[in-house]
Every structure is written in structure tokens, then in C-alpha cells.
Amino acid sequence: MSTAAGLYNIVADQGSTLSRVIYYKDPAKKPILFNGYTARMQVRASYDSLDAILELTTENGGIELGASDGSIALFVDDVVMASIQEGIYVYDLELVAPSADLFVYKILQGNFAVRSEVTR
């Protein structure tokens, strides 16, 4: 897993549940297995912002790694999404290997756009 991070822009709706599944595969299109891995993702106003607007991890239930299909499921409930202001933010998604050396692999990055809610 030593390739450069892919670019994937996420569009989410304020006040709506965000549920997205991403499949991570090797160049031969075979799923990459995540046995023992954890994952983390942060959304910030800009790359140099000190505070995260949103943080998803395998520990807090915001990310679930598939056992055999290379899937990475992202989940943010509607209440949390309602609290995020409309705008274009940045994010990245990292995998943390189950190793004493704690290898970290950034696999995705991009914009995280939140569209304003009309119905309240």
C-alpha cells in the first residue's frame, strides 16, 4: 500500500445522513483486505486549520472496514450533518496498519462539500 493517495470529492447534504461505501482494490482489481487495520478521516475548513469540523474513525463508528471485499463504509448521522455549515472543506482518509511501527497510509483526499438544507 505505498501508492499516492487518490483524489475523491465527497458531496454531502446538510441535515441528511451521509452513507458512502468506497472499494479499495489493488492494480489487478482484487480487494485489499484490512485485517487488523483501523481507519481515520478528518474534515477541516482548510489544510492548515487547527480544528477538525468532522472526525470519523473505526473506533467511533464513523468508518467500517469490510472483512473480505475491500470496502470502506463512511457514516455520519443526520444530526451531526445538520450541525455542519454549508461550504467546501477538505479531508483525507488514512489506514493504520496493525504493526508495532504503526504504519499509516493516506489512501484518499479531496474536497468535502456540504450543500445547504432547505427542508427543516
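- Closest of all the heavy-atom pairs between Q14 and E117 is OE1-N, 3.0 Å.
- The two residues A39 and L95 have their closest heavy-atom pair at CB-CD2, 3.8 Å.
- At distances below 3.5 Å, not a single donor-acceptor pair connects side-chain atoms of D13 with backbone N or O atoms of S116.
- A pairwise comparison of heavy atoms in A5 and L108 identifies CB-N, 4.0 Å as the closest pair.
- Hydrophobic side-chain contacts under 4.5 Å tie Y47 into a cluster, directly or through other members, with V90.
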Checklist line | Stepwise side chain to side chain contact (heavy atoms under 4.5 Å, CB included) check, M41 with I10 | finding: CA-CA 12 Å; M41 175 180 149; I10 297 173; 4.2 Å; yes
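- Taking each heavy atom of L18 and A12 in turn, the nearest pair found is CD1-CB, 4.2 Å.
- Between the CE atom in M81 and the OG1 atom in T17 there is a gap of 9.5 Å [rounded to 0.5 Å].
- Donor-acceptor pairing under 3.5 Å is recorded for the side chains of R44 and Q42.
- The two residues G36 and P98 make their nearest non-hydrogen contact at O-CB, 3.3 Å.
- Relative ring orientation between F34 and Y24 is described as parallel, the plane-to-plane angle staying below 30° on a 0-90° scale split at 30° and 60°.
- Y89 and F75 fall into different hydrophobic clusters, defined by Ile, Leu, Val, Met, Phe, Trp and Tyr side-chain heavy atoms under 4.5 Å apart, directly or through other members.
- With rounding to the nearest 0.5 angstrom, the CD1 atom of I32 is 10.5 Å from the OH atom of Y105.
- In this structure, I88 CD1 and N9 CG are separated by 9.0 Å, a value rounded to the nearest 0.5 Å.
- L54 CG to L74 CG: the interatomic distance, rounded to the nearest 0.5 Å, is 9.5 Å.
- Looking at T57, its side chain does come within 3.5 Å of a backbone N or O of E59 through a donor-acceptor pair.
- Each side chain to side chain donor-acceptor pair (under 3.5 Å) pair with one or both residues in residues 65-76, not counting sequence neighbours, appears once here: D69-S71.
- Between Y8 and the options I22, L93, I107, a side-chain contact (heavy atoms from CB on, under 4.5 Å) holds for only I22.
- The shortest side-chain heavy-atom distance between P31 and Y23 does not fall under the 4.5 Å cut-off.
- Summarising the geometry of G15 relative to D78, their closest heavy-atom pair is O-CB, 3.4 Å, with the distance given to 0.1 Å.
- No single ILVMFWY cluster, assembled from side-chain heavy atoms under 4.5 Å apart, contains both V21 and V11.
- Checking side-chain atoms of D26 against main-chain N and O of K29 turns up a donor-acceptor pair under 3.5 Å.
- Here the side chain of E94 pairs no donor or acceptor atom with the backbone of K106 at under 3.5 angstrom.
- Listed by chain and residue number, nothing satisfies the side chain to side chain donor-acceptor pair (under 3.5 Å) test with N111 (two or more places apart in sequence, or in another chain).
- Atom CZ of R40 and atom CG of N60 lie 12.5 Å apart (nearest 0.5 Å).
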